[in-house]
Amino acid sequence: MKKIVEIQTTYPDMSTALKASQHLVSLALAACSNIVAAQSIYQWDGKLQQDSESLLILKTTLEKIDATLDAIKKNHPYELPSIVYFEVNTTDEYGGWVQDACK
């Protein structure tokens, strides 16, 4: 069993999420990503909001988490992006691949 980090953040549309993913993976800050269509409901400026968004799920290493978070924040289009992350256990094989891809 290996530990990796999964980061989840939302973007306003699929093309913006795809561009962010390509950027992070090309820099080896993330090994891979998934992009999922989502409906978001939230409070903003005192009003109930509902938007279609794209959820970007990234896989990275414990060693790369700070640099990856910095890169997401630097290039994110939202004033206050939702960025959550957590350590996950994975198989030795998949975790090894994530570590190799993030070197």
Side-chain angles (χ1 to χ4, degrees):
M1 175 174 47
K2 289 203 185 266
K3 288 197 181 284
I4 63 170
V5 177
E6 185 169 286
I7 302 169
Q8 298 179 2
T9 186
T10 53
Y11 286 87
D13 54 55
M14 187 66 72
S15 64
T16 307
L18 182 61
K19 184 178 177 183
S21 174
Q22 291 169 335
H23 176 71
L24 295 164
V25 172
S26 72
L27 294 175
L29 292 174
C32 64
S33 72
N34 306 102
I35 303 171
V36 181
Q39 284 293 311
S40 298
I41 300 169
Y42 56 97
Q43 290 279 346
W44 188 254
D45 289 334
K47 297 178 188 170
L48 186 63
Q49 307 286 332
Q50 181 172 344
D51 289 306
S52 294
E53 294 183 296
S54 292
L55 174 64
L56 177 59
I57 305 167
L58 299 156
K59 284 80 169 186
T60 191
T61 63
L62 296 170
E63 295 80 17
K64 293 280 181 120
I65 185 66
D66 290 333
T68 306
L69 293 173
D70 288 345
I72 292 169
K73 291 175 195 175
K74 179 180 177 184
N75 297 299
H76 208 288
Y78 287 163
E79 178 182 340
L80 180 62
S82 168
I83 303 170
V84 297
Y85 61 95
F86 42 93
E87 289 183 33
V88 295
N89 295 318
T90 187
T91 63
D92 288 338
E93 297 83 6
Y94 186 76
W97 174 77
V98 170
Q99 288 178 336
D100 289 345
C102 289
K103 285 187 178 178

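Numbers here are sequence positions counted from 1. Because the structure is predicted, anything quoted here is derived from the model rather than measured.
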At what distance, to the nearest 0.5 angstrom, does CD1 of Ile41 lie from CD of Gln49? 11.0 Å
Applying the 4.5 Å side-chain criterion to the ILVMFWY set and letting contacts propagate, would Phe86 and Val98 be lumped into a single cluster? yes
Looking at CD1 of Ile7 and CD1 of Ile57, how far apart are the two atoms once the value is rounded to the nearest 0.5 Å? 11.5 Å
Out of Leu62, Thr68, Asp66, which one pairs with Lys64 under the side-chain contact (heavy atoms from CB on, under 4.5 Å) rule? Thr68
Verify side chain to side chain donor-acceptor pair (under 3.5 Å) between Glu53 and Tyr42, making sure each step is shown before the conclusion. CA-CA 12 Å; Glu53 294 183 296; Tyr42 56 97; 5.5 Å; no
Would you confirm whether Asp45, through its side chain, and Lys47, through its main-chain N or O, come within 3.5 Å as a donor-acceptor pair? no
Asp51 side chain near Thr10 side chain, heavy-atom distance below 4.5 Å: no
Evaluate Lys2 against Tyr94 for side-chain contact (heavy atoms from CB on, under 4.5 Å), listing each step before the verdict. CA-CA 8 Å; Lys2 289 203 185 266; Tyr94 186 76; over 6 Å; no
Sub-3.5 Å donor-acceptor pair from the side chain of Thr9 to the main-chain atoms of Ile83, do we have one? no
Mind listing the side-chain donor-acceptor pairs of residues 22-36 below 3.5 Å, one per line with the distance, residues two or more places apart or on another chain?
{"residue": "Ser26", "atom": "OG", "partner": "Gln22", "partner atom": "O", "Å": "3.1"}
{"residue": "Ser26", "atom": "OG", "partner": "His23", "partner atom": "O", "Å": "2.8"}
{"residue": "Ser33", "atom": "OG", "partner": "Ser21", "partner atom": "OG", "Å": "2.4"}
{"residue": "Asn34", "atom": "OD1", "partner": "Lys59", "partner atom": "NZ", "Å": "2.2"}

In terms of side-chain heavy atoms, does Gln50 have a donor or acceptor partner in Ser40 at a distance below 3.5 Å? no
With Tyr11 as partner, the option from Leu55, Leu56, Leu18 fulfilling side-chain contact (heavy atoms from CB on, under 4.5 Å) is Leu56
Roughly how far, to the nearest 0.5 Å, is the OG1 atom of Thr61 from the CD atom of Glu87? 11.0 Å
Taking a hydrophobic cluster as the set of Ile, Leu, Val, Met, Phe, Trp and Tyr residues connected by side-chain heavy atoms closer than 4.5 Å, whether directly or through intermediates, do Ile65 and Trp97 fall within one such cluster? no
Between Asn89 and Lys3, a side-chain donor and acceptor under 3.5 Å: yes
If you measure from NE2 on His76 to CG on Leu69, what distance do you get to the nearest 0.5 Å? 11.5 Å
Pair Leu48, Gln43 - check side-chain contact (heavy atoms from CB on, under 4.5 Å), show working. CA-CA 5 Å; Leu48 186 63; Gln43 290 279 346; 4.1 Å; yes
